[in-house]
Amino acid sequence: MKFAYAVTLNGTEILQECTYHTTELLENGMKRLTFPRGHCDGGMISLELICDQDPENGVYRCRLEVRNGGDKPVRVSRADVGASFDAQALDLRYFHSDWGAEYSPRSHRVEREFSFGCVSGRSCKGFIPYAECGTEEGCCALALAWSGNWTCTAFPWGESYCDYRPWTYCCVMGLTDGAFFRDVLPGESFTTPEVYLSQAGDREEACLALRRYYKKHLSPLCEALFTPMPLEYNTWWPYEDRFINEEVFQKNAEIAKSLGFRYAMMDAGWFGEETEGNTWYEKRGDWDKVNRERFPSGMKAMCDKAKSMEIAPGMWCEIEAVGRDADLNRTHEEIIAKRDGRSLGYVCFGSRAGREWAMKTVERILGEYGAKWIKFDFNLDPGFGCNRGDHEHGAGDGLYAHYMGYYRFLDELRQKYPDVVIENCASGGLRGDIGMMSHCAVGFLSDPDHTEFHLQLFWGALSFLHQCCLLHFTWSEVLQTHNCGVASPITEDTPRSKVDYMVRAAMMGIPGFSYRLPQMPEWVLERFRELGRFYTEHAAAFILKGDAYRLTEQPLSGGRGERFPVFQFTDRESRGLVFAFRLIGGPDSQRVQLKGLDPCREYTVSWLDAGKEEKRTGAELMKAGVAFEGLPEEGSEIVTVF
């Protein structure tokens, strides 16, 4: 593998395979490779590809810097970073993504130029900004740290370029979308979003390195705040904004506390005036107006009441969005993102005034009201972004400026409120790229949460994210039909094995629960309590601080993919925790080889449900593996390897 980039400057396209560099050992232990190049276009333009490698896991953080040393502006309209491979063939793996279809796998044998990407303005609506390049020598995984539009392009080197080499392939990623451009003024520079590269003998090894890198260098999650790991209650799916009120929230929060939950989240429905036919969507932006008809005591009283019950309150807010009927459209017209004079329905964080308004608004929620968890949603497509002439950005880089401003806003918020959990959400999982997740403690995987689909999402997200940031609900009670048409997945007659199956799947990350808890059968609440105790006891070591291994291929919703998926987690003492799930149509048994254990150590292997126990060495477990038998369809098992 060699590093490569593609950049377009003033309409001239430059493709560069990097073959020489300077090397520097940084104070943080990283090794920096710098690949310099000069380009003359009426003045000197300096191009530097900078790649910092963590020697512990081998992952590179790569970005291209364009410096204008001339006396005229330089227009950058493409700036993609990636790698080239001397190989007989290049096989591309990637994920299609849309609402309720996130992390749907795709593959392509590269024979001519091929690209995929996003033009919706939300990084994961269309495809996930991630790719795996497979050659005869192994796998290179690339994760783009960008939350807006982007393109991934793969091609044989000799097809379109004069430097013909029949067995060289290239794959680059960047914020190119056909509309983006940035005018770099004399004496200024422009730096691309980072691309994280991991190369290994196989895809799982490459993905493991990215997970470790994310946890070590990128995750802003505070381990002290998440020790013990939290269980979260959320009001949304069983009540939405139609049936939620002050009393309903308090009753559910009280039960959640009794079950061992640490957070109770008030989702949409708390803000805006009560108007017939006017939903949360049309009122977004008027966060200063509390719905006093539903919450007569106000939000501070609601948060104080939760704290008095010793459960931390959370609140939902779509801080970027502006609904059609929001007064904000008139009172703060100057901060509204517009394209060609037409409102795009969001606050432009590329404007200083927009960022200042957002900070004051959120400080009311976190400071005055006292929320300890804030769920930032984003339920619209900004497209190519704002091109107003009175904001602090140009005509071609409004979306770029918005996301750079939003990242800055999130970082400032974390510094002001270090004890608050910031959750990323965008119509579920439509903006869960590694860039956004380096500014938020946790990320919501998707709105639909039936267990088979959850396992698809969790497996896919582990391609580049650590399990400690992956939040999803157990199979929710809903008012709509999106969860396989099942409104109430848990009833008095639901088998205990199926309840375990639903909850254990979410226990591999951060579990959220969205039910009418006062109407839940008592035996189910008791089972939630028991499963929660197990999670609280083990999650800090294995989920927060440990490694994850995908021991099988990806399960897929709709009865496809792996039907008996198994996941393993190891802690820093090389102990193992193994979760197995038999889906509908799954085989009667499954055997998997474990990973990451001490080969010389004798372990006690215990099947929690089967009640079986045996002594095995780490070497035996990693060679012969463990077997799962006797599980019902929609059943699960946990094995401890201690």
Side-chain angles (χ1 to χ4, degrees), residues 100 102-103 229-234 237 261 428-429 442-462 465-478 482-484 486 489-490 494-515 524 527-528 530-536 538-539 542-544 546 548-569 577-586 590 592 607-609 628 631-640:
E102 296 93 336
Y103 289 101
M229 287 283 279
L231 295 93
E232 179 228 12
Y233 175 75
N234 186 294
W237 284 122
F261 292 19
V442 299
F444 194 58
L445 286 176
S446 182
D447 282 348
D449 51 40
H450 56 95
T451 303
E452 182 183 58
F453 182 52
H454 165 80
L455 293 171
Q456 170 182 319
L457 302 169
F458 186 75
W459 193 101
L462 284 178
L465 295 174
H466 191 271
Q467 66 274 5
C468 72
C469 74
L470 302 179
L471 167 70
H472 207 202
F473 298 159
T474 62
W475 194 335
S476 296
E477 182 179 359
V478 297
H482 62 276
N483 266 357
C484 303
V486 177
I490 299 178
T494 302
R496 177 182 136 161
S497 60
K498 187 171 182 179
V499 172
D500 289 0
Y501 164 82
M502 297 177 190
V503 176
R504 284 171 171 172
M507 283 167 52
M508 296 188 296
I510 300 172
F513 294 74
S514 195
Y515 301 102
V524 174
R527 190 56 182 156
F528 284 174
E530 293 167 353
L531 292 167
R533 284 197 206 104
F534 181 89
Y535 180 80
T536 300
H538 297 291
F542 291 93
I543 307 303
L544 177 62
Y549 297 91
R550 303 177 296 190
L551 301 184
T552 56
E553 290 299 312
Q554 185 180 14
L556 301 173
S557 62
R560 301 168 297 123
E562 171 62 50
R563 307 312 295 163
F564 208 134
V566 183
F567 301 83
Q568 178 193 336
F569 303 88
L577 196 62
V578 186
F579 290 74
F581 303 90
R582 186 185 178 201
L583 309 186
I584 293 176
Q590 175 71 284
V592 291
W607 284 253
L608 265 60
D609 293 345
F628 296 90
L631 273 65
E633 292 187 344
E634 296 188 302
S636 64
E637 175 66 283
I638 295 178
V639 169
T640 60

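The shown structure was predicted, so the numbers you read here are calculated from the model rather than taken from an experiment. For the single chain, residues carry numbers from 1 onward in sequence order.
Using modelled atom types and a 3.5 Å distance limit, the side chains of Ser476 and Asp449 yield a donor-acceptor pair. Side-chain atoms of Thr474 and Tyr515 include a donor-acceptor pair closer than 3.5 Å. Using modelled atom types, one finds a donor on one side chain and an acceptor on the other under 3.5 Å when comparing Glu102 with Ser446.
Phe528 and Phe513 have their aromatic ring centers within a separation under 6.0 angstrom. In summary, the aromatic rings of His472 and Phe444 are positioned with their centroids under 6.0 Å apart.
For the atom pair CG (Leu231) and CZ (Arg533), the distance works out to 12.0 Å, reported to the nearest 0.5 Å. Atoms CE and CE, from Met507 and Met502 in turn, are 15.0 Å apart once rounded to the nearest 0.5 Å.
Counting all heavy atoms, side chain and backbone alike, Leu471 lies closest to Pro511 at CD1-C, 4.3 Å. Across all their heavy atoms, Thr451 and Ala505 have their closest contact at CG2-CB, 3.8 Å.
No side-chain heavy atom of Phe567 sits less than 4.5 Å from a side-chain heavy atom of Val578.
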Open item on the list: Under the criterion ring-ring contact (aromatic ring centres under 6.0 Å, His included), I'd like the reasoning laid out for His454 against Trp459: C-alpha separation, chi angles, the key distance, then a yes or no.
Closed with: CA-CA 9 Å; His454 165 80; Trp459 193 101; over 10 Å; no

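The aromatic rings of Phe569 and Phe579 lie perpendicular to each other, with more than 60° between the two planes, well past the 30° mark.
Using a cutoff of 4.0 Å between basic side-chain nitrogens and carboxylate oxygens, Glu562 and Arg550 are not scored as salt-bridged.
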